[in-house]
Amino acid sequence: FVTNEVREHCAVIRLWDSGDAAAIRGQASRYLNTQTVPMPVLTEVYEVFDQPRTALGLIKAAFEDPAYQDATRLGLLSLYAAHFGDNTLALEAVRRAFIDAGGIAPWLIWMPVLKAARKTPEFKEIVRDLGLADYWRSSGHWGDFARPMGSDDFKIIG
């Protein structure tokens, strides 16, 4: 089930590293106009998208805001925190979204923007706490994301 909102958001995420400010602004506008989960902070973030420190400050404030404590909003905040270089905040948001709040879309942790965050020990702990490592080991289906290392450890791929 992919909504216009999801399609438009994925399209803007793909543009983030392009350096094409006009394309990012245009696609961000399309995404923001399709939001069914309102996140006013993202309108503010896109106004200062070329100012990473300012944008990250907005993301940090939203992370603490009670209005952004549901799994969907926290999951999205994790992507923006990672994009602006705060992998610690990104993983705190992932943990809060998918472990504490029981979010139902943990596939989000495999988005390319979280690649650097996936290289941390904290990410491995999240994978364990989500039960993915146990599932992979018991099923023998490690997929593209991880490989077993001995009888009780694993390595994240990508």
Side-chain angles (χ1 to χ4, degrees), residues 1-130 132-133 144-146 154-158:
F1 175 64
V2 177
T3 65
N4 283 341
E5 177 181 12
V6 172
R7 268 191 293 277
E8 298 297 346
H9 196 228
C10 286
V12 75
I13 289 170
R14 284 191 303 272
L15 288 170
W16 282 352
D17 291 332
S18 72
D20 187 341
I24 292 168
R25 273 194 306 279
Q27 185 57 46
S29 178
R30 284 187 287 283
Y31 160 58
L32 294 169
N33 287 328
T34 64
Q35 280 188 321
T36 57
V37 177
M39 291 185 66
V41 70
L42 296 184
T43 299
E44 297 173 45
V45 165
Y46 282 109
E47 289 172 4
V48 296
F49 200 77
D50 61 340
Q51 302 167 46
R53 282 180 153 170
T54 304
L56 189 54
L58 294 167
I59 298 302
K60 287 179 179 181
F63 179 72
E64 298 301 333
D65 185 335
Y68 289 86
Q69 298 309 302
D70 60 276
T72 299
R73 287 177 179 88
L74 289 164
L76 292 173
L77 289 175
S78 75
L79 301 178
Y80 286 82
H83 173 72
F84 291 112
D86 191 335
N87 291 320
T88 299
L89 179 61
L91 291 176
E92 287 175 9
V94 164
R95 176 170 288 286
R96 201 179 281 178
F98 301 114
I99 295 169
D100 301 342
I104 60 169
W107 57 266
L108 189 109
I109 67 176
W110 305 109
M111 294 284 285
V113 71
L114 288 165
K115 185 175 184 170
R118 286 194 294 272
K119 296 178 187 214
T120 67
E122 292 81 11
F123 184 80
K124 265 180 88 169
E125 285 305 311
I126 289 169
V127 166
R128 281 188 178 100
D129 292 345
L130 283 170
L132 291 173
D144 296 331
F145 304 117
F154 62 96
K155 168 172 94 166
I156 297 295
I157 308 294

ask   = Under 3.5 Å, is there a donor-acceptor pair between the side chain of Arg95 and the main chain of Glu122?
value = no

query = What class does the angle between the rings of Phe49 and His83 fall in, given that below 30° is parallel, 30 to 60° is tilted and above 60° is perpendicular?
reply = parallel

task = Please check if any side-chain donor atom of Gln35 sits under 3.5 Å from a side-chain acceptor atom of Tyr31, or the reverse.
result = yes

query = Of all heavy-atom pairs between Asp65 and Ala67, which one has the smallest distance, and what is that distance?
reply = OD1-N, 2.8 Å

request  = Compare every heavy atom of Pro40 with every heavy atom of Tyr68, then report the nearest pair and how far apart it is.
outcome  = OH-CD, 3.1 Å

key: Taking every non-hydrogen atom, the tightest pair across Leu91 and Ile126   = O-CD1, 3.6 Å

message = Please report the interatomic distance CG(Asp100) to CD(Gln69), rounded to the nearest 0.5 Å.
response = 10.0 Å

Check: Tyr46 ring centroid to His9 ring centroid under 6.0 Å = no

request  = Kindly give the heavy-atom pair with the smallest separation between Leu89 and Leu56, and that separation in Å.
outcome  = CD2-CD1, 4.3 Å

inquiry  = Using a 6.0 Å cut-off, check whether atom CD1 of Ile104 has over 12 heavy atoms from anything other than its own residue.
reply    = no

task = For Glu5 and Thr36, test the side chains for any donor-to-acceptor distance below 3.5 angstrom and give the result as yes or no.
result = yes

inquiry  = Given 3.5 Å as the limit, does a donor-acceptor pair link the side chain of Asp70 with the main chain of Arg73, or not?
reply    = yes

task = Please report the shortest heavy-atom distance between Gly75 and Ala97, naming the atom on each side.
result = N-CB, 3.7 Å

ask   = Can you name the residues that form a side-chain hydrogen bond (donor to acceptor under 3.5 Å, both in side chains) with Ser18, not counting sequence neighbours?
value = none

message = Looking at Asn33, I want to see if its CG is surrounded by more than 12 non-hydrogen atoms of other residues, nucleotides or ligands under 6.0 Å.
response = yes

message = Under a 3.5 Å distance rule, please check whether Arg96 uses its side chain to pair with a backbone N or O of Phe63 as donor and acceptor.
response = yes

message = Tell me if the aromatic rings of Phe98 and Trp107 count as close, with their centers under 6.0 Å from one another.
response = no

ask   = Is any side-chain heavy atom of Phe84 less than 4.5 Å from a side-chain heavy atom of Arg53?
value = no

query = Hey, does the side chain of Lys60 reach the backbone of Ala55 with a donor-acceptor pair shorter than 3.5 angstrom?
reply = no

query = Looking only at heavy atoms, what is the nearest atom pair of Leu74 and Ala93, with distance?
reply = O-CB, 3.5 Å

message = Using a strict threshold of under 4.0 Å (side-chain N to carboxylate O), is an ion pair present between Glu125 and Arg128?
response = yes

query = Heavy-atom distance under 4.5 Å between the side chains of Phe123 and Leu114, does that happen here?
reply = no

Donor-acceptor side-chain pairing of Arg7 and Asn4 below 3.5 angstrom = yes

